[in-house]
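Note sheet for the following structure.
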Amino acid sequence: GQQLNQSPQSMFIQEGEDVSMNCTSSSIFNTWLWYKQDPGEGPVLLIALYKAGELTSNGRLTAQFGITRKDSFLNISASIPSDVGIYFCAGQRAGGGNKLTFGTGTQLKVEL
Amino acid sequence: GAVVSQHPSRVICKSGTSVKIECRSLDFQATTMFWYRQFPKKSLMLMATSNEGSKATYEQGVEKDKFLINHASLTLSTLTVTSAHPEDSSFYICSASGFEERPYEQYFGPGTRLTVT
């Protein structure tokens, strides 16, 4: 099935650095969600976005719903070791019912 | 709020046997539950969508007779892998949605690691 393109695929950063990742699609999405998954666990919802242009924060995390409705961005400020994990974007596509389409994932590794 | 549990967390079974995985929403009523499969270092692949009291809708390529889904109540859905084979070994994750004001937010269980020997 369709997947959203996420970049970068993986990142290795220093503790304290800011992190940016994005998610793009050729289709229009009505809702964007960002999840974090730790090894052997289910994804945890971080941020949900409902309107084009919307910018929402959750602690050190900030996500934006792209104006074109075909992309979304997630920023993490001042990364810490527990930020390690895989980040997935997910979107509810126009005409796609209540199913979510998931991104390919961005693996984040933080060096102390 | 929005806690989803799965049981068991890990199961090993012999080829040819059936395995049942339970997914429960603990503090909300899940009008819709979803079942995903995830391979190592890969994204989540939707297998089926189930609404309480009705038949599940399976994604293309997913055998409904092999992966039986039952959503008998607003807090419980089960996935039964019938006649399991080694290629069915995977990480199975359920999710649930049910908040009218946030209909597309899915809350995930911790997953079930199935190993078929």
Side-chain angles (χ1 to χ4, degrees), chain A residues 1-7 9-10 21 23-25 28-51 54 56 58 63 65 69 72 84-109, chain B residues 1-10 21 23-25 28 30-51 56-62 90-115:
Chain A
Q2 178 189 12
Q3 279 192 327
L4 300 171
N5 296 314
Q6 262 184 265
S7 66
Q9 186 175 5
S10 65
M21 61 189 78
C23 194
T24 60
S25 171
I28 289 175
F29 283 78
N30 291 330
T31 302
W32 286 95
L33 306 170
W34 284 92
Y35 289 88
K36 179 182 180 238
Q37 185 178 29
D38 291 329
E41 298 289 332
V44 174
L45 181 62
L46 300 174
I47 293 179
L49 303 159
Y50 298 100
K51 294 181 182 178
E54 179 181 352
T56 298
N58 178 8
F65 192 142
R69 296 168 63 193
S72 179
V84 165
I86 301 179
Y87 292 80
F88 289 103
C89 63
Q92 183 269 329
R93 188 169 51 84
N98 60 353
K99 296 191 296 186
L100 294 180
T101 300
F102 276 82
T104 48
T106 294
Q107 182 162 25
L108 180 63
K109 299 177 183 179
Chain B
V3 179
V4 177
S5 70
Q6 263 183 260
H7 178 79
S9 59
R10 188 179 294 266
I21 302 170
C23 178
R24 294 181 185 272
S25 57
F28 69 103
T31 50
T32 307
M33 286 186 167
F34 304 83
W35 286 94
Y36 294 83
R37 185 173 179 176
Q38 187 177 33
F39 292 102
K41 300 188 183 300
K42 297 293 184 182
S43 187
L44 285 77
M45 182 185 78
L46 180 65
M47 299 174 65
T49 302
S50 75
N51 293 296
T57 302
Y58 289 80
E59 294 300 297
Q60 191 173 7
V62 178
S90 192
F91 192 53
Y92 292 88
I93 318 176
C94 71
S95 71
S97 65
F99 295 96
E100 189 175 336
E101 68 279 15
R102 310 191 304 260
Y104 304 118
E105 291 182 16
Q106 293 182 24
Y107 297 89
F108 285 84
T112 297
R113 172 75 58 193
L114 170 64
T115 303

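Lettering of chains follows the sequences in order, A, B, ..., and the numbering in each one begins at 1. Just so you know, these numbers come straight off a predicted model, no measurement behind them.
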### Query
Less than 4.5 Å apart, any side-chain heavy atom of A:Gln37 and any of B:Ile93?
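Sidechains of B:Ile93 and A:Gln37: in contact.
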
### Task
Begin from the C-alpha positions of B:Phe108 and A:Glu41 and carry the test side chain to side chain contact (heavy atoms under 4.5 Å, CB included) through to its verdict.
CA-CA 9 Å; B:Phe108 285 84; A:Glu41 298 289 332; over 6 Å; no

### Query
Tell me, side chain or backbone of B:Gln6 under 4.5 Å from chain A's heavy atoms, or both, or neither?
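Neither; nothing under 4.5 Å.
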
#### Entry: Per-residue contact mode, B:Tyr104 against chain A (heavy atom under 4.5 angstrom)
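Both parts, heavy atoms under 4.5 Å.
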
#### Entry: Among the listed options B:Met45, B:Arg113, B:Arg102, B:Glu59, the residue most often paired with chain A at heavy-atom distances under 4.5 Å
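Going by pairs under 4.5 Å, I would pick B:Glu59.
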
#### Entry: Closest approach of A:Lys99 to B:Phe34 (non-hydrogen atoms, all atoms of both residues)
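Closest pair (atom of A:Lys99, atom of B:Phe34, distance): CA-CE2, 4.3 Å.
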
### Query
Do other residues, nucleotides or ligands put more than 12 heavy atoms under 6.0 Å from B:Gln60 CD?
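12 or below, so no.
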
### Region of A:Leu100 that comes under 4.5 Å of a non-hydrogen atom in chain B
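A:Leu100 touches chain B through backbone and side-chain heavy atoms alike.
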
### Query
Is it the side chain or the backbone of A:Gln92 that comes within 4.5 Å of chain B heavy atoms, both, or neither?
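Contact with chain B involves the side chain of A:Gln92 alone.
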
### Task
For each of A:Gly40, A:Ala90, A:Gly105, tally heavy-atom pairs with chain B at distances under 4.5 Å, and name the one with the top tally.
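With the most close heavy-atom pairs to chain B, the winner is A:Gly40.
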
#### Entry: Closest-packed option against chain B by number of heavy-atom pairs under 4.5 Å, given A:Gly103, A:Ala48, A:Pro43, A:Pro39
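Heavy-atom pairs under 4.5 Å are most numerous for A:Pro43.
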
#### Entry: Any donor-acceptor pair under 3.5 Å from A:Tyr35 side chain to B:Gln106 backbone
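Yes; judged by distance alone, with no hydrogens or angles, the pair exists.
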
